[in-house]
Amino acid sequence: MFDFLRDFIDQYGDLLVQSSIDTLLAVSLATTLAYILGILLAVVLKITAPGSLKPQVLINSVIGWIVNMGRSIPFIILMVILIPLSRMIVGTSLGVLGSIIPLTIGAAPFVARIVESSFEEVPAGSIEAAQAFGASTFQIIWKVYLRESLPSLIRGAAITLITLIGYQAIMGAFGGGGLGDVAVRFGYHRYKGDVMVAAVLILIVLVQLIQSTADLIARKIDKR
Amino acid sequence: MIELRHLSKTFLTKEGSFEALRDISLTVEDGDIHGIIGVSGAGKSTLVRCVNLLEKPTSGSVLIDGEDVTNYSGRRLLNLRGKIGMIFQDFSLFAQRNALANVIFPLQLRRDSRKDAAKRGMELLELVGLAHKAKSYPAQLSGGQQQRVAIARALANHPSYLLCDEATSALDSLTTDAILQLLKTINHELGVTILVITHEMKVIETICNKVAVLDGAQIVERGKTADVFAQPEQQITQRLLGQAMAEAAAQAAAESATAVSASTTLTDQLAYLEVKSDV
(Lines give C-alpha, C1' and ligand atoms only; values in the text may rest on other atoms or scores of the structure.)
Protein backbone atom coordinates (compact mmCIF):
# COMPACT_ATOMS: atom_id res chain seq x y z
CA MET A 1 0.00 0.00 0.00
CA PHE A 2 2.73 2.46 1.00
CA ASP A 3 4.81 1.34 -1.97
CA PHE A 4 1.91 2.17 -4.21
CA LEU A 5 1.54 5.59 -2.63
CA ARG A 6 5.30 6.26 -2.91
CA ASP A 7 5.36 5.29 -6.56
CA PHE A 8 2.24 7.33 -7.26
CA ILE A 9 3.68 10.43 -5.59
CA ASP A 10 7.03 9.97 -7.36
CA GLN A 11 5.29 9.74 -10.67
CA TYR A 12 2.45 12.28 -10.37
CA GLY A 13 3.27 14.34 -7.25
CA ASP A 14 4.90 17.23 -9.09
CA LEU A 15 2.17 17.29 -11.73
CA LEU A 16 -0.60 17.39 -9.12
CA VAL A 17 1.14 20.07 -7.02
CA GLN A 18 1.81 22.21 -10.08
CA SER A 19 -1.73 21.89 -11.41
CA SER A 20 -3.17 22.69 -7.96
CA ILE A 21 -1.07 25.86 -7.90
CA ASP A 22 -2.23 26.66 -11.44
CA THR A 23 -5.87 26.23 -10.51
CA LEU A 24 -5.56 28.35 -7.38
CA LEU A 25 -3.62 31.03 -9.21
CA ALA A 26 -6.08 31.28 -12.09
CA VAL A 27 -9.11 31.21 -9.78
CA SER A 28 -7.83 33.75 -7.26
CA LEU A 29 -6.63 36.15 -9.94
CA ALA A 30 -9.94 35.87 -11.80
CA THR A 31 -11.93 36.27 -8.56
CA THR A 32 -10.00 39.42 -7.67
CA LEU A 33 -10.56 40.92 -11.10
CA ALA A 34 -14.21 39.81 -11.14
CA TYR A 35 -14.73 41.51 -7.78
CA ILE A 36 -13.29 44.78 -9.00
CA LEU A 37 -15.70 44.68 -11.95
CA GLY A 38 -18.59 43.14 -10.00
CA ILE A 39 -18.48 45.59 -7.09
CA LEU A 40 -18.47 48.51 -9.53
CA LEU A 41 -21.51 47.05 -11.31
CA ALA A 42 -23.26 46.33 -8.01
CA VAL A 43 -22.63 49.85 -6.71
CA VAL A 44 -24.05 51.38 -9.90
CA LEU A 45 -27.05 48.99 -9.76
CA LYS A 46 -27.66 49.81 -6.11
CA ILE A 47 -27.41 53.59 -6.16
CA THR A 48 -29.28 54.06 -9.45
CA ALA A 49 -32.18 51.86 -8.33
CA PRO A 50 -35.57 53.58 -8.00
CA GLY A 51 -35.85 55.28 -4.60
CA SER A 52 -32.14 54.90 -3.90
CA LEU A 53 -29.40 57.54 -3.56
CA LYS A 54 -29.20 58.58 -7.23
CA PRO A 55 -32.19 57.08 -9.05
CA GLN A 56 -31.44 56.68 -12.78
CA VAL A 57 -33.97 54.39 -14.36
CA LEU A 58 -32.24 54.15 -17.75
CA ILE A 59 -28.72 53.42 -16.46
CA ASN A 60 -30.15 50.98 -13.95
CA SER A 61 -32.08 48.96 -16.51
CA VAL A 62 -29.25 48.95 -19.05
CA ILE A 63 -26.69 47.71 -16.50
CA GLY A 64 -29.23 45.23 -15.15
CA TRP A 65 -29.87 43.95 -18.64
CA ILE A 66 -26.13 43.56 -19.41
CA VAL A 67 -25.60 41.69 -16.13
CA ASN A 68 -28.50 39.33 -16.84
CA MET A 69 -27.22 38.70 -20.34
CA GLY A 70 -23.74 37.93 -19.01
CA ARG A 71 -25.24 35.45 -16.61
CA SER A 72 -27.38 33.70 -19.20
CA ILE A 73 -24.62 32.84 -21.68
CA PRO A 74 -23.45 29.27 -20.99
CA PHE A 75 -19.87 29.33 -19.74
CA ILE A 76 -18.50 27.04 -22.48
CA ILE A 77 -19.88 29.34 -25.17
CA LEU A 78 -18.55 32.43 -23.37
CA MET A 79 -15.14 30.74 -23.26
CA VAL A 80 -15.11 30.31 -27.03
CA ILE A 81 -16.39 33.84 -27.69
CA LEU A 82 -13.62 35.24 -25.52
CA ILE A 83 -10.72 33.42 -27.21
CA PRO A 84 -9.81 36.46 -29.40
CA LEU A 85 -10.11 38.88 -26.49
CA SER A 86 -7.92 36.66 -24.33
CA ARG A 87 -5.29 36.49 -27.07
CA MET A 88 -5.39 40.24 -27.39
CA ILE A 89 -5.03 41.01 -23.68
CA VAL A 90 -2.83 38.24 -22.27
CA GLY A 91 -1.43 36.88 -25.54
CA THR A 92 -2.88 33.37 -25.26
CA SER A 93 -6.12 31.49 -24.80
CA LEU A 94 -4.40 28.47 -23.27
CA GLY A 95 -3.12 27.49 -19.83
CA VAL A 96 -3.52 29.40 -16.58
CA LEU A 97 -2.97 32.74 -18.27
CA GLY A 98 -5.53 31.96 -20.95
CA SER A 99 -8.20 31.03 -18.43
CA ILE A 100 -8.10 34.31 -16.53
CA ILE A 101 -10.08 36.45 -18.99
CA PRO A 102 -12.98 34.00 -19.53
CA LEU A 103 -13.19 33.28 -15.79
CA THR A 104 -13.21 37.00 -14.95
CA ILE A 105 -15.83 37.92 -17.54
CA GLY A 106 -17.89 34.86 -16.67
CA ALA A 107 -17.85 35.64 -12.95
CA ALA A 108 -18.26 39.45 -12.96
CA PRO A 109 -22.06 39.53 -13.58
CA PHE A 110 -22.51 36.75 -11.00
CA VAL A 111 -20.41 38.75 -8.51
CA ALA A 112 -22.45 41.87 -9.29
CA ARG A 113 -25.68 40.13 -8.19
CA ILE A 114 -24.06 38.52 -5.13
CA VAL A 115 -22.65 41.87 -3.97
CA GLU A 116 -25.96 43.58 -4.72
CA SER A 117 -27.77 41.12 -2.48
CA SER A 118 -25.19 41.75 0.27
CA PHE A 119 -25.93 45.46 -0.02
CA GLU A 120 -29.64 44.68 0.39
CA GLU A 121 -28.86 43.40 3.88
CA VAL A 122 -27.75 46.86 5.03
CA PRO A 123 -30.75 48.38 6.86
CA ALA A 124 -32.30 51.43 5.18
CA GLY A 125 -32.06 53.17 8.56
CA SER A 126 -28.26 53.01 8.50
CA ILE A 127 -28.21 54.64 5.08
CA GLU A 128 -30.62 57.33 6.19
CA ALA A 129 -28.58 58.02 9.33
CA ALA A 130 -25.41 58.42 7.25
CA GLN A 131 -27.26 60.82 4.94
CA ALA A 132 -28.55 62.80 7.92
CA PHE A 133 -24.97 63.31 9.14
CA GLY A 134 -23.96 64.71 5.77
CA ALA A 135 -22.25 61.67 4.22
CA SER A 136 -21.64 61.99 0.48
CA THR A 137 -22.74 59.24 -1.89
CA PHE A 138 -19.15 57.98 -2.11
CA GLN A 139 -18.85 57.92 1.69
CA ILE A 140 -22.14 56.04 1.98
CA ILE A 141 -20.88 53.41 -0.46
CA TRP A 142 -17.48 53.11 1.19
CA LYS A 143 -18.26 53.58 4.88
CA VAL A 144 -21.77 52.14 5.05
CA TYR A 145 -22.62 49.73 2.21
CA LEU A 146 -19.21 48.05 1.92
CA ARG A 147 -18.31 48.29 5.61
CA GLU A 148 -21.66 47.09 6.95
CA SER A 149 -22.00 44.22 4.49
CA LEU A 150 -18.41 42.97 4.87
CA PRO A 151 -19.28 39.61 6.51
CA SER A 152 -21.81 38.93 3.78
CA LEU A 153 -19.31 39.99 1.10
CA ILE A 154 -16.81 37.48 2.45
CA ARG A 155 -19.39 34.69 2.31
CA GLY A 156 -20.14 35.76 -1.26
CA ALA A 157 -16.45 35.68 -2.17
CA ALA A 158 -16.28 32.05 -1.02
CA ILE A 159 -19.26 31.18 -3.23
CA THR A 160 -17.54 32.87 -6.16
CA LEU A 161 -14.16 31.18 -5.57
CA ILE A 162 -15.83 27.77 -5.41
CA THR A 163 -17.93 28.41 -8.50
CA LEU A 164 -14.79 29.47 -10.37
CA ILE A 165 -12.96 26.32 -9.31
CA GLY A 166 -15.77 24.47 -11.06
CA TYR A 167 -15.50 26.68 -14.17
CA GLN A 168 -11.73 26.33 -14.16
CA ALA A 169 -12.07 22.54 -14.16
CA ILE A 170 -14.32 22.83 -17.24
CA MET A 171 -11.69 25.00 -18.90
CA GLY A 172 -9.15 22.26 -18.17
CA ALA A 173 -10.86 20.10 -20.74
CA PHE A 174 -10.28 22.83 -23.34
CA GLY A 175 -6.61 23.57 -22.71
CA GLY A 176 -7.11 25.69 -19.63
CA GLY A 177 -4.59 23.81 -17.49
CA GLY A 178 -5.03 23.13 -13.78
CA LEU A 179 -6.59 20.23 -11.91
CA GLY A 180 -9.51 19.79 -14.31
CA ASP A 181 -7.02 19.38 -17.13
CA VAL A 182 -5.13 16.66 -15.21
CA ALA A 183 -8.32 14.80 -14.37
CA VAL A 184 -9.47 14.80 -18.00
CA ARG A 185 -6.12 14.19 -19.70
CA PHE A 186 -4.87 11.42 -17.45
CA GLY A 187 -8.04 10.03 -15.99
CA TYR A 188 -10.39 10.22 -18.94
CA HIS A 189 -8.14 9.95 -21.98
CA ARG A 190 -5.49 7.58 -20.56
CA TYR A 191 -7.65 5.55 -18.21
CA LYS A 192 -5.52 6.57 -15.18
CA GLY A 193 -8.31 6.31 -12.63
CA ASP A 194 -5.97 6.93 -9.73
CA VAL A 195 -4.78 10.28 -11.09
CA MET A 196 -8.35 11.34 -11.72
CA VAL A 197 -9.38 10.37 -8.20
CA ALA A 198 -6.38 12.25 -6.76
CA ALA A 199 -7.24 15.40 -8.74
CA VAL A 200 -10.87 15.23 -7.65
CA LEU A 201 -9.84 14.65 -4.02
CA ILE A 202 -7.63 17.75 -4.14
CA LEU A 203 -10.55 19.74 -5.56
CA ILE A 204 -12.79 18.52 -2.74
CA VAL A 205 -10.20 19.54 -0.12
CA LEU A 206 -9.72 22.96 -1.72
CA VAL A 207 -13.46 23.64 -1.75
CA GLN A 208 -13.85 22.55 1.87
CA LEU A 209 -10.92 24.70 2.96
CA ILE A 210 -12.20 27.81 1.18
CA GLN A 211 -15.70 27.37 2.59
CA SER A 212 -14.63 26.79 6.20
CA THR A 213 -12.09 29.62 6.15
CA ALA A 214 -14.67 32.04 4.79
CA ASP A 215 -17.28 30.89 7.34
CA LEU A 216 -14.77 31.31 10.14
CA ILE A 217 -13.75 34.83 9.10
CA ALA A 218 -17.33 35.94 8.42
CA ARG A 219 -18.51 34.66 11.81
CA LYS A 220 -15.60 36.34 13.56
CA ILE A 221 -16.12 39.79 12.05
CA ASP A 222 -19.94 39.79 12.03
CA LYS A 223 -21.05 41.83 15.05
CA ARG A 224 -24.80 41.62 14.49
CA MET B 1 -33.64 79.33 14.66
CA ILE B 2 -35.48 76.91 12.41
CA GLU B 3 -38.28 78.42 10.32
CA LEU B 4 -40.64 76.55 8.08
CA ARG B 5 -42.68 78.76 5.76
CA HIS B 6 -45.78 77.49 3.96
CA LEU B 7 -44.18 74.09 3.58
CA SER B 8 -46.00 71.46 1.55
CA LYS B 9 -45.00 67.99 0.51
CA THR B 10 -46.86 65.82 -1.94
CA PHE B 11 -45.71 62.33 -2.80
CA LEU B 12 -46.47 60.91 -6.20
CA THR B 13 -47.35 57.25 -6.01
CA LYS B 14 -48.75 54.77 -8.48
CA GLU B 15 -52.17 55.24 -6.92
CA GLY B 16 -51.98 59.01 -7.43
CA SER B 17 -50.68 61.86 -5.35
CA PHE B 18 -50.57 61.84 -1.58
CA GLU B 19 -50.40 65.05 0.38
CA ALA B 20 -48.19 64.50 3.45
CA LEU B 21 -47.83 68.14 4.50
CA ARG B 22 -50.05 71.13 3.69
CA ASP B 23 -48.97 74.72 4.24
CA ILE B 24 -46.93 74.17 7.39
CA SER B 25 -45.50 77.29 9.03
CA LEU B 26 -43.54 76.85 12.21
CA THR B 27 -40.73 78.60 14.07
CA VAL B 28 -38.39 76.85 16.48
CA GLU B 29 -36.55 79.45 18.55
CA ASP B 30 -33.01 78.86 19.74
CA GLY B 31 -33.02 77.10 23.08
CA ASP B 32 -36.47 75.58 22.60
CA ILE B 33 -37.42 71.99 22.99
CA HIS B 34 -40.21 72.11 20.47
CA GLY B 35 -42.59 69.19 20.17
CA ILE B 36 -44.65 68.10 17.23
CA ILE B 37 -47.33 65.59 18.08
CA GLY B 38 -49.75 63.70 15.93
CA VAL B 39 -51.19 60.28 15.32
CA SER B 40 -49.54 57.84 12.91
CA GLY B 41 -49.73 59.03 9.32
CA ALA B 42 -50.16 62.70 10.28
CA GLY B 43 -46.98 63.61 8.40
CA LYS B 44 -44.64 64.05 11.40
CA SER B 45 -41.72 62.07 10.00
CA THR B 46 -41.94 63.82 6.64
CA LEU B 47 -41.97 67.17 8.44
CA VAL B 48 -38.82 66.49 10.45
CA ARG B 49 -37.06 65.15 7.32
CA CYS B 50 -37.80 68.40 5.53
CA VAL B 51 -35.73 70.29 8.11
CA ASN B 52 -32.47 68.61 7.07
CA LEU B 53 -33.79 68.12 3.54
CA LEU B 54 -33.76 64.35 3.59
CA GLU B 55 -37.13 65.09 2.01
CA LYS B 56 -37.33 67.94 -0.43
CA PRO B 57 -40.44 70.06 0.11
CA THR B 58 -42.77 70.38 -2.88
CA SER B 59 -43.28 74.05 -2.07
CA GLY B 60 -42.49 76.50 0.70
CA SER B 61 -39.15 77.11 2.32
CA VAL B 62 -36.88 76.00 5.15
CA LEU B 63 -34.78 78.65 6.88
CA ILE B 64 -31.95 77.81 9.23
CA ASP B 65 -30.55 80.77 11.18
CA GLY B 66 -32.32 83.10 8.78
CA GLU B 67 -30.84 81.55 5.67
CA ASP B 68 -33.03 79.90 3.08
CA VAL B 69 -31.57 76.42 2.66
CA THR B 70 -34.44 74.87 0.68
CA ASN B 71 -32.46 74.65 -2.54
CA TYR B 72 -29.10 73.74 -1.06
CA SER B 73 -27.32 70.96 -2.89
CA GLY B 74 -23.91 69.31 -3.14
CA ARG B 75 -21.26 70.20 -0.60
CA ARG B 76 -23.36 73.01 0.96
CA LEU B 77 -26.18 70.59 1.71
CA LEU B 78 -23.81 68.02 3.23
CA ASN B 79 -22.22 70.70 5.45
CA LEU B 80 -25.64 71.90 6.56
CA ARG B 81 -26.69 68.36 7.49
CA GLY B 82 -23.44 67.99 9.43
CA LYS B 83 -24.59 70.80 11.71
CA ILE B 84 -27.98 69.25 12.45
CA GLY B 85 -27.94 66.12 14.61
CA MET B 86 -30.65 63.49 14.26
CA ILE B 87 -31.83 60.47 16.22
CA PHE B 88 -34.30 57.82 15.13
CA GLN B 89 -36.98 55.51 16.47
CA ASP B 90 -34.97 52.37 15.68
CA PHE B 91 -31.67 54.05 16.71
CA SER B 92 -30.12 53.29 13.28
CA LEU B 93 -26.69 52.53 14.66
CA PHE B 94 -24.14 50.86 12.39
CA ALA B 95 -24.24 47.21 13.43
CA GLN B 96 -20.64 46.46 12.40
CA ARG B 97 -19.13 49.37 14.33
CA ASN B 98 -18.66 49.51 18.09
CA ALA B 99 -20.18 52.30 20.19
CA LEU B 100 -17.15 54.57 19.90
CA ALA B 101 -16.84 54.04 16.14
CA ASN B 102 -20.54 54.86 15.78
CA VAL B 103 -20.16 58.07 17.76
CA ILE B 104 -17.20 59.31 15.72
CA PHE B 105 -18.75 58.37 12.35
CA PRO B 106 -19.89 61.97 11.64
CA LEU B 107 -16.38 63.21 12.50
CA GLN B 108 -14.72 60.78 10.14
CA LEU B 109 -16.86 62.13 7.32
CA ARG B 110 -15.08 65.45 7.82
CA ARG B 111 -11.60 63.90 7.94
CA ASP B 112 -10.90 64.84 11.54
CA SER B 113 -7.76 63.14 12.79
CA ARG B 114 -8.40 59.75 14.31
CA LYS B 115 -6.96 60.76 17.66
CA ASP B 116 -9.03 63.95 18.00
CA ALA B 117 -12.13 62.05 16.93
CA ALA B 118 -11.55 59.28 19.47
CA LYS B 119 -11.05 61.85 22.22
CA ARG B 120 -14.27 63.65 21.32
CA GLY B 121 -16.05 60.29 21.05
CA MET B 122 -15.04 59.30 24.56
CA GLU B 123 -16.17 62.69 25.92
CA LEU B 124 -19.58 62.15 24.34
CA LEU B 125 -19.89 58.59 25.61
CA GLU B 126 -19.00 59.98 29.03
CA LEU B 127 -21.77 62.56 28.64
CA VAL B 128 -24.38 59.89 27.91
CA GLY B 129 -23.01 57.66 30.67
CA LEU B 130 -21.68 54.87 28.44
CA ALA B 131 -17.89 55.39 28.46
CA HIS B 132 -17.53 51.84 29.78
CA LYS B 133 -19.37 50.47 26.72
CA ALA B 134 -17.11 52.14 24.12
CA LYS B 135 -15.99 48.79 22.72
CA SER B 136 -19.43 47.16 22.73
CA TYR B 137 -21.32 46.59 19.52
CA PRO B 138 -24.98 47.68 19.11
CA ALA B 139 -26.18 44.06 19.35
CA GLN B 140 -24.62 43.88 22.84
CA LEU B 141 -26.46 46.98 24.07
CA SER B 142 -30.02 47.43 25.36
CA GLY B 143 -32.45 49.69 23.50
CA GLY B 144 -31.89 52.54 25.94
CA GLN B 145 -28.13 52.20 25.68
CA GLN B 146 -28.33 52.13 21.88
CA GLN B 147 -30.34 55.35 21.87
CA ARG B 148 -27.74 56.95 24.17
CA VAL B 149 -25.00 56.00 21.73
CA ALA B 150 -27.15 57.42 18.91
CA ILE B 151 -27.54 60.67 20.87
CA ALA B 152 -23.77 60.86 21.39
CA ARG B 153 -23.30 60.28 17.65
CA ALA B 154 -25.80 63.02 16.80
CA LEU B 155 -23.86 65.47 19.00
CA ALA B 156 -20.42 64.62 17.61
CA ASN B 157 -20.22 67.59 15.25
CA HIS B 158 -21.29 70.16 17.90
CA PRO B 159 -24.67 70.68 16.21
CA SER B 160 -26.88 73.64 17.12
CA TYR B 161 -29.98 71.55 16.43
CA LEU B 162 -31.06 68.04 17.27
CA LEU B 163 -33.96 66.36 15.46
CA CYS B 164 -35.64 63.50 17.29
CA ASP B 165 -37.88 61.26 15.20
CA GLU B 166 -39.97 59.19 17.63
CA ALA B 167 -36.78 58.73 19.64
CA THR B 168 -38.44 57.01 22.57
CA SER B 169 -41.23 55.10 20.84
CA ALA B 170 -39.32 51.82 20.84
CA LEU B 171 -38.41 52.11 24.52
CA ASP B 172 -40.19 51.12 27.71
CA SER B 173 -41.53 53.72 30.08
CA LEU B 174 -38.58 53.88 32.51
CA THR B 175 -36.01 54.01 29.70
CA THR B 176 -38.07 56.71 28.00
CA ASP B 177 -37.87 58.82 31.15
CA ALA B 178 -34.09 58.41 31.29
CA ILE B 179 -33.65 59.36 27.62
CA LEU B 180 -35.96 62.37 28.01
CA GLN B 181 -33.92 63.54 31.00
CA LEU B 182 -30.77 63.22 28.92
CA LEU B 183 -32.31 65.33 26.14
CA LYS B 184 -33.27 67.95 28.72
CA THR B 185 -29.69 68.02 30.02
CA ILE B 186 -28.32 68.40 26.50
CA ASN B 187 -30.71 71.30 25.90
CA HIS B 188 -29.85 73.04 29.18
CA GLU B 189 -26.14 72.43 29.33
CA LEU B 190 -25.04 72.40 25.71
CA GLY B 191 -27.66 74.86 24.50
CA VAL B 192 -28.80 72.53 21.72
CA THR B 193 -32.19 73.41 20.25
CA ILE B 194 -34.30 70.27 19.97
CA LEU B 195 -37.18 69.42 17.67
CA VAL B 196 -39.10 66.40 18.93
CA ILE B 197 -41.51 64.34 16.84
CA THR B 198 -43.73 62.02 18.81
CA HIS B 199 -47.15 60.46 19.16
CA GLU B 200 -46.87 60.37 22.96
CA MET B 201 -48.22 63.30 24.99
CA LYS B 202 -46.00 62.18 27.84
CA VAL B 203 -42.90 63.15 25.83
CA ILE B 204 -44.31 66.61 25.13
CA GLU B 205 -45.36 67.04 28.73
CA THR B 206 -41.98 66.01 30.13
CA ILE B 207 -39.56 68.04 28.00
CA CYS B 208 -41.19 70.39 25.50
CA ASN B 209 -41.72 74.07 26.20
CA LYS B 210 -43.68 74.48 22.96
CA VAL B 211 -45.85 72.13 20.97
CA ALA B 212 -47.56 71.95 17.61
CA VAL B 213 -50.32 69.45 16.90
CA LEU B 214 -50.22 67.92 13.45
CA ASP B 215 -53.37 66.36 12.04
CA GLY B 216 -54.25 65.49 8.46
CA ALA B 217 -51.06 67.04 7.05
CA GLN B 218 -51.68 70.39 8.76
CA ILE B 219 -50.78 72.11 12.02
CA VAL B 220 -54.11 72.46 13.79
CA GLU B 221 -52.94 73.91 17.09
CA ARG B 222 -49.73 75.34 18.49
CA GLY B 223 -48.40 77.27 21.43
CA LYS B 224 -46.66 76.94 24.78
CA THR B 225 -47.08 73.42 26.12
CA ALA B 226 -48.67 74.68 29.33
CA ASP B 227 -51.28 76.68 27.42
CA VAL B 228 -52.15 73.93 24.99
CA PHE B 229 -52.44 71.43 27.82
CA ALA B 230 -54.58 73.76 29.92
CA GLN B 231 -56.98 74.62 27.11
CA PRO B 232 -56.82 72.23 24.20
CA GLU B 233 -58.88 73.77 21.42
CA GLN B 234 -58.94 70.97 18.90
CA GLN B 235 -60.65 67.67 19.27
CA ILE B 236 -57.52 65.76 18.21
CA THR B 237 -55.51 67.46 20.99
CA GLN B 238 -58.16 66.59 23.54
CA ARG B 239 -58.09 63.04 22.32
CA LEU B 240 -54.29 62.81 22.56
CA LEU B 241 -54.44 64.36 26.04
CA GLY B 242 -57.17 62.01 27.19
CA GLN B 243 -55.15 59.06 26.00
CA ALA B 244 -52.09 60.35 27.85
CA MET B 245 -54.05 60.70 31.08
CA ALA B 246 -55.44 57.21 30.79
CA GLU B 247 -51.93 55.86 30.21
CA ALA B 248 -50.52 57.85 33.13
CA ALA B 249 -53.21 56.49 35.40
CA ALA B 250 -52.56 52.94 34.26
CA GLN B 251 -48.84 53.38 34.77
CA ALA B 252 -49.26 54.92 38.20
CA ALA B 253 -51.37 51.94 39.19
CA ALA B 254 -48.79 49.52 37.84
CA GLU B 255 -45.97 51.35 39.59
CA SER B 256 -47.68 51.46 42.94
CA ALA B 257 -48.32 47.74 42.59
CA THR B 258 -44.61 47.19 41.93
CA ALA B 259 -43.71 49.47 44.82
CA VAL B 260 -45.94 47.57 47.21
CA SER B 261 -44.53 44.21 46.23
CA ALA B 262 -40.99 45.61 46.32
CA SER B 263 -41.33 47.20 49.72
CA THR B 264 -41.68 43.87 51.51
CA THR B 265 -38.02 43.90 52.50
CA LEU B 266 -35.37 46.58 52.49
CA THR B 267 -33.11 44.66 50.06
CA ASP B 268 -35.93 44.28 47.61
CA GLN B 269 -36.58 47.97 47.82
CA LEU B 270 -32.93 48.77 47.14
CA ALA B 271 -32.88 46.39 44.20
CA TYR B 272 -35.95 48.13 42.80
CA LEU B 273 -34.26 51.52 43.05
CA GLU B 274 -31.15 50.12 41.38
CA VAL B 275 -33.15 48.83 38.46
CA LYS B 276 -34.76 52.24 38.13
CA SER B 277 -31.49 54.15 38.05
CA ASP B 278 -29.79 51.67 35.74
CA VAL B 279 -31.86 52.25 32.62
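First the proteins, then the strands, lettered A, B, ... as listed; each starts at 1. For clarity, every value in this text was computed on a predicted model and none was experimentally measured. Computation of the quantities below employed the complete heavy-atom set of this structure, encompassing side-chain atoms and omitting hydrogens, waters and symmetry-equivalent molecules.
Take B:Q89 and apply the side chain to side chain donor-acceptor pair (under 3.5 Å) test, not counting sequence neighbours, and it matches no residue. Remark: B:E67 engages no residue in a salt bridge (Lys or Arg N to Asp or Glu O under 4.0 Å) (not counting sequence neighbours).
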Going through the checks in order, is the side-chain contact (heavy atoms from CB on, under 4.5 Å) test met by B:R49 and A:E128? CA-CA 10 Å; B:R49 277 163 179 72; A:E128 193 184 36; 2.4 Å; yes
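The NZ atom of A:K143 sits 7.0 Å away from atom CZ of B:F105, with the distance rounded to the nearest 0.5 Å. Rounded to the nearest 0.5 Å, atoms CZ (A:F133) and CZ (B:R110) are 10.5 Å apart.
Closest approach of A:S126 and B:L93 over heavy atoms only: OG-O, 3.7 Å. Annotation for B:A95 and A:E148: closest pair N-OE1, 2.9 Å, computed over non-hydrogen atoms.
Screening B:L78, B:L53, B:L54 against A:Q131 for a side chain to side chain contact (heavy atoms under 4.5 Å, CB included) leaves a single residue, B:L54.
No donor-acceptor pair under 3.5 Å is formed between the side chain of B:Q96 and the backbone N or O of A:D222.
Taking A:A132, A:P151, A:A135 one by one and counting their heavy-atom pairs under 4.5 Å with chain B, the maximum is reached by A:A132. Most heavy-atom pairs under 4.5 Å with chain A, from the set B:R153, B:Q108, B:Q140: that is B:R153. Counting heavy-atom pairs closer than 4.5 Å to chain B, the top-ranked of the candidates A:A129, A:S136, A:S149 is A:A129. For the set B:S92, B:P138, B:P159, B:G85, the entry with the most heavy-atom pairs within less than 4.5 Å of chain A is B:S92.
At a 4.5 Å heavy-atom cutoff, B:L163 makes no contact with chain A through either its backbone or its side chain. Only the backbone of A:I221 comes within less than 4.5 Å of a heavy atom of chain B; no side-chain atom from C-beta onward does. Heavy-atom distances place both the backbone and the side chain of A:A130 under 4.5 Å from chain B. With a 4.5 Å cut-off on non-hydrogen atoms, B:R97 touches chain A through its backbone and its side chain both.
Sparse packing is recorded around NZ of B:K119, with 12 or fewer heavy atoms of other residues, nucleotides or ligands lying under 6.0 Å away.
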